[in-house]
There are 2 protein chains.
Amino acid sequence: MTKERNLYIKKLKFIFIIHMGRELYKFNQYLNESGLRATRQRGIIAKTFFEAGPHISVEELYHQVVEKDRRIGLVTVYRTLKLLRGAGLAQGRQFGDNHTRYEKTPGDSHHDHLICTRCGRILEFENDTIEGLQRKVAEEVGFAVLDHKLELYGICKECRSRGKKAGRKAPPTLS
Amino acid sequence: MTKERNLYIKKLKFIFIIHMGRELYKFNQYLNESGLRATRQRGIIAKTFFEAGPHISVEELYHQVVEKDRRIGLVTVYRTLKLLRGAGLAQGRQFGDNHTRYEKTPGDSHHDHLICTRCGRILEFENDTIEGLQRKVAEEVGFAVLDHKLELYGICKECRSRGKKAGRKAPPTLS
DNA sequence: GTGAATATGAAATTCATTTTCAATTAAATC
DNA sequence: GATTTAATTGAAAATGAATTTCATATTCAC
């Protein structure tokens, strides 16, 4: 009976890991390798983070987490985000509004941001030519680029057409 | 006697303004136009700022200011920097180390940054081709760019050659 | 010189984030 | 399954960059 039971438990674990998702699996791997615990709270927070839209703030993530488990504290969200950063699964970004935004670390790709200063919307883009030129610029001064940030601030398409509709009036406040 | 005296005072003011420097003059203009006072503290702080090296932190600016006038408080430095920003004469920058750096707002030009993650040195660069491509990328999605930030993080020339000299040893700590 | 209103410095406060501490809990071991 | 160890948690406290409050000082128009 014991062999069958162990086999049954192994099957359960296997199904659980498959069901978990790749990023969550990676996070658990990181925890194990680092001698850290895979707690319920960390699981919920990480899962919520990986399912969240891009550029989520701590406050927002906390709200989403609390909907799943009311006992989780804000501190634990901060701590788990720090771990996710350490695991290379999350990156913090600051777009000048005092609220750090978190996004999943891209795999092998890298993207940059267009930030609408009117409505706060954040768009992503990629351009290989720009990235190549960046590398070239850096090499000219003997600088080895490891990472970069390119942020374009302006008015998005929607706000622009909204501005036209409003005519000469002040644009709507979207604070 | 009164006419000669007024003429003499006008001459003094003229010489003072010439001696002041262009940026300081602009700051004073901004203060006047805004109905704000041109105080001794603001003058010292602004002058110190305009004479300081690029990418100065608040703490550093405060230290330099205090060497000129010990009675000036840190709060006044913050306040004056805020005014300088409002006047379009200063810009704050965050390179991810929790210390806002301030630099003079460039006239009609714009520059970007190379940041050495090892020694903290910050270099500036400009590349018109990249800027043109940025504008093009944005236009493709109907985005009107007003401002941008391009930051390249990596290892500077000096740290790279220092790394070679150190051979297999850990590079020197420059914190 | 006068006086209204801005500005200052010190202390207090705010806010995003981190640390402390007592209690809880995950996971290794038996 | 029971025990043990040490990581982890949540609440409260603390940190640090930046801002606000408040009584006093100061600028600048008249």
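Letters A, B, ... are given to chains in the order of the sequence lines, protein chains preceding strands, and every chain is numbered from 1.
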**Request:** Determine whether B:Ile130 and A:Gln134 make a side-chain contact, defined as any pair of heavy atoms from C-beta on separated by less than 4.5 Å.
**Result:** yes
A:His148/B:Tyr153 aromatic ring centres below 6.0 Å
no
Checking D:dT9, C:dT18, D:dT19 against the side chain of A:Arg79 (C-beta onward), the nearest is D:dT9
Short side-chain N/O contact from B:Arg42 to OP1 or OP2 of C:dT6, under 4.0 Å: no
(message) Between B:Tyr78 and D:dA18, is there a contact of a side-chain N or O with OP1 or OP2 at under 4.0 Å?
(response) yes
When rounded to whole Å, the CG to P distance for the pair A:Leu31 and C:dA26 reads 13 Å
Per atom distances to the B:Val58 side chain, the nearest of C:dT18, D:dT9, D:dA18 is D:dA18
- Query: Ion pair present between A:Arg121 and A:Glu158, side-chain N to carboxylate O less than 4.0 angstrom?
  - Reply: yes
Here the distance between atom C1' of C:dA10 and atom OH of B:Tyr62, to the nearest Å, is 11 Å
Here the distance between atom P of D:dA17 and atom OH of B:Tyr102, to the nearest Å, is 12 Å
Rounded to whole Å, the NZ-P distance (B:Lys82 to D:dA18) equals 13 Å
Discussion item. D:dA17, OP1 or OP2 - any side-chain N/O from B:Thr100 closer than 4.0 Å?
Written reply: no
A correct 5'-to-3' footprint of nucleotides 23-30 of chain D, with B, S and - meaning base, sugar-phosphate only and no protein heavy atom under 4.0 Å, is ---BBS--
Next item on the list: Indicate yes or no: does B:Lys104 engage B:Glu51 in a salt bridge with an N to O separation below 4.0 Å.
Entry: no
If only atom types and distance count, is the side chain of B:Thr80 paired as donor or acceptor with the main-chain N or O of B:Ile45 below 3.5 Å? no
(Q) Quick check against the 3.5 Å criterion: does B:Arg160 have a side-chain atom that pairs as donor or acceptor with the backbone of A:Gly142? (A) yes
Here the distance between atom P of D:dA17 and atom NE2 of B:His99, to the nearest Å, is 5 Å
B:Glu33 CD to C:dT6 C1', in whole Å, measures 18 Å
Is the closest basic N to carboxylate O distance between A:Arg135 and A:Glu140 below 4.0 Å?
-> no
Taken to the nearest whole Å, CG/B:Leu74 to P/D:dG16 is 14 Å
Here the distance between atom C1' of C:dT14 and atom CG of A:Asn98, to the nearest Å, is 11 Å
